[in-house]
Amino acid sequence: MGFEDYEHLRFEHRDHGVLLITIDRPEKYNAADEQMHTELARVWNDVSADPGTRVAVITGAGKAFSAGGDLAMVERMAGNYDAVSHMLTEMSDLVYNIINCEKPIVSAINGVAVGAGTVAALLADVAIAAEDAKIGDGHVKLGVAAGDHAAIIWPLLAGMAKARYHLLTGEMITGAEAERVGMVAKALPRDQVLDEALRVAEVLATGAQQAIRLTKRSLNNWLRQAGPTFDQSAAYEMLTFMGPDVLEGVAALREKRAPSFPSATPPA
């Protein structure tokens, strides 16, 4: 699959082997439908194999990095065993393909990053966020267990106390706070984020390539050790897609109201 075959990702080859990847569905705040989710999972293999790419930078078109999963996709998945089984495989590919990508990845978190978008935002080797960006994993607010990337990376970056707080409550964190607790490398005014990400990418692209790539490989062993924790969390997320709470979570989001989850409703 060449870079020209993608529908929701836009590519720009820049000097020194820097590849700028833009999540390009701005009319939906770059929310991921099935096609985009597939592309986000597969692109890292293409980046790794591309001889013309030394470093990848990923950002979002418009005001958002990525607003998570498209609600219509969530509705199609709810209670659908085949769709859930496919997503379990694909979400694992997304996480492990980023971890195993040979080339360094820099994320320019230019706005809200939720759900699948947060996978690429926080698993990137260097994450640079807008100070006012909102970063979060809102799975519990949707009625499903926190899966995607959360259990593998949040405790390592932010510590267990912060990870528990944000993943159990679904409360989002700003880019400025994310920098303070160590979840991102830098937080800057929004209009400086992409330029700084590209600057860092150029430093990496003009450095000693084998040394940088092998350093990345070594550091990512911390994530590989947490692989079983991620695998379990992904399975739990997909299990909860088969229950009733997710339907209420989607309805509440569409109707802009607080959810009334069946699992939290007292028996009559």
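The distance from atom CG of Leu122 to atom CE of Met183, rounded to the nearest 0.5 Å, is 4.5 Å. Separating the CD atom in Glu131 from the CG atom in Leu188 is a distance of 6.5 Å, to the nearest 0.5 Å. One finds the CG atom of Leu223 at 11.0 Å from the OG1 atom of Thr229 (value rounded to the nearest 0.5 Å). Interatomic distance, Glu196 CD to Asp191 CG, rounded to the nearest 0.5 Å: 12.5 Å. Residue Ile21 holds its CD1 atom at 6.5 Å from CZ of Phe3, rounded to the nearest 0.5 Å. Between the CD1 atom of Ile152 and the CD atom of Gln225 there is a distance of 10.5 Å, given to the nearest 0.5 Å.
The nearest pair of heavy atoms linking Gly175 to Ala129 is CA-CB, 4.1 Å. For the pair Arg76 and Ala83, the tightest heavy-atom approach, listed with the atom from each and the gap, is O-CB, 4.4 Å. Heavy atoms only, all atoms of each residue included: Ala116 and Leu94 are closest at O-CD2, 4.4 Å. Nearest heavy atoms, Asp148 versus Glu237: N-OE1, 3.0 Å. Shown here for Ala121 and Ala127, the closest heavy-atom pair between the two residues is O-CB, 3.4 Å. Heavy-atom minimum distance, Gly62 versus Asn110: O-ND2, 3.2 Å.
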### side chain to side chain contact (heavy atoms under 4.5 Å, CB included) between Val140 and Thr169, intermediate numbers included
CA-CA 7 Å; Val140 295; Thr169 65; over 6 Å; no
Task: Worked check of side chain to side chain contact (heavy atoms under 4.5 Å, CB included) between Ile212 and Val55 - done: CA-CA 10 Å; Ile212 290 170; Val55 181; over 6 Å; no
*Could you go through the side chain to side chain contact (heavy atoms under 4.5 Å, CB included) check for Leu253 and Lys141 one step at a time?*
CA-CA 9 Å; Leu253 284 172; Lys141 289 189 172 182; over 6 Å; no
Quick one: do Met91 and Met238 satisfy side chain to side chain contact (heavy atoms under 4.5 Å, CB included)? Show the steps, please.
CA-CA 10 Å; Met91 68 192 294; Met238 294 301 100; 3.8 Å; yes
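Within 6.0 Å of atom CZ in Arg224, more than 12 heavy atoms from other residues, nucleotides or ligands are found, so the atom counts as buried in its surroundings. Open room surrounds CD on Gln210; 12 or fewer heavy atoms of other groups in view lie less than 6.0 Å from it. By the neighbour-count criterion of 12 heavy atoms within 6.0 Å, atom OH of Tyr96 is densely surrounded, having more than that number from other residues, nucleotides or ligands. The environment of Lys103 atom NZ is dense: over 12 non-hydrogen atoms of other residues, nucleotides or ligands sit within 6.0 angstrom.
Under the 3.5 Å distance criterion, with hydrogens and angles disregarded, no donor-acceptor pair is assigned to the side chains of Asn45 and Arg42. Using modelled atom types, one finds no donor on one side chain facing an acceptor on the other under 3.5 Å when comparing Ser260 with Glu248.
Tracing side-chain contacts under 4.5 Å through hydrophobic residues (I, L, V, M, F, W, Y), one never reaches Leu239 starting from Met73; they form parts of separate clusters. Val114 and Ile173 fall into different hydrophobic clusters, where Ile, Leu, Val, Met, Phe, Trp and Tyr are joined by side-chain heavy atoms under 4.5 Å apart, directly or via other members. Placement of Leu123 and Ile109 within a single hydrophobic cluster is found when ILVMFWY residues are connected by side-chain heavy-atom separations under 4.5 Å, directly or transitively.
With hydrogens and angles ignored, the 3.5 Å screen pairs no side-chain donor or acceptor of Ser48 with any backbone N or O of Trp44. Remark: side-chain polar atoms of Arg54 are paired, donor with acceptor, to backbone N or O of Ala205 under 3.5 angstrom.
A salt bridge does not link Glu7 with Arg25: none of the charged nitrogens is closer than 4.0 Å to a carboxylate oxygen. Checked for salt-bridge contact, Glu177 and Arg180 meet the test: a charged N lies under 4.0 Å from a carboxylate O. One finds no salt bridge joining Lys28 and Asp33 here, because no Lys/Arg side-chain nitrogen approaches an Asp/Glu carboxylate oxygen to under 4.0 Å.
Of the options Ile58, Leu194, Val106, a side chain to side chain contact (heavy atoms under 4.5 Å, CB included) to Leu20 is made by Leu194 and by none of the others.
Using cut-offs of 30° and 60° on the angle between ring planes, the pair Trp154 and His149 is tilted.
You'll find the side chain of Phe241 reaches within 4.5 Å of the side chain of Val74, heavy atoms only. Here the side chains of Leu19 and Phe11 are in contact, with some heavy-atom distance below 4.5 Å. Considering only heavy atoms from C-beta on, Val119 comes within 4.5 Å of Ile98 through its side chain.
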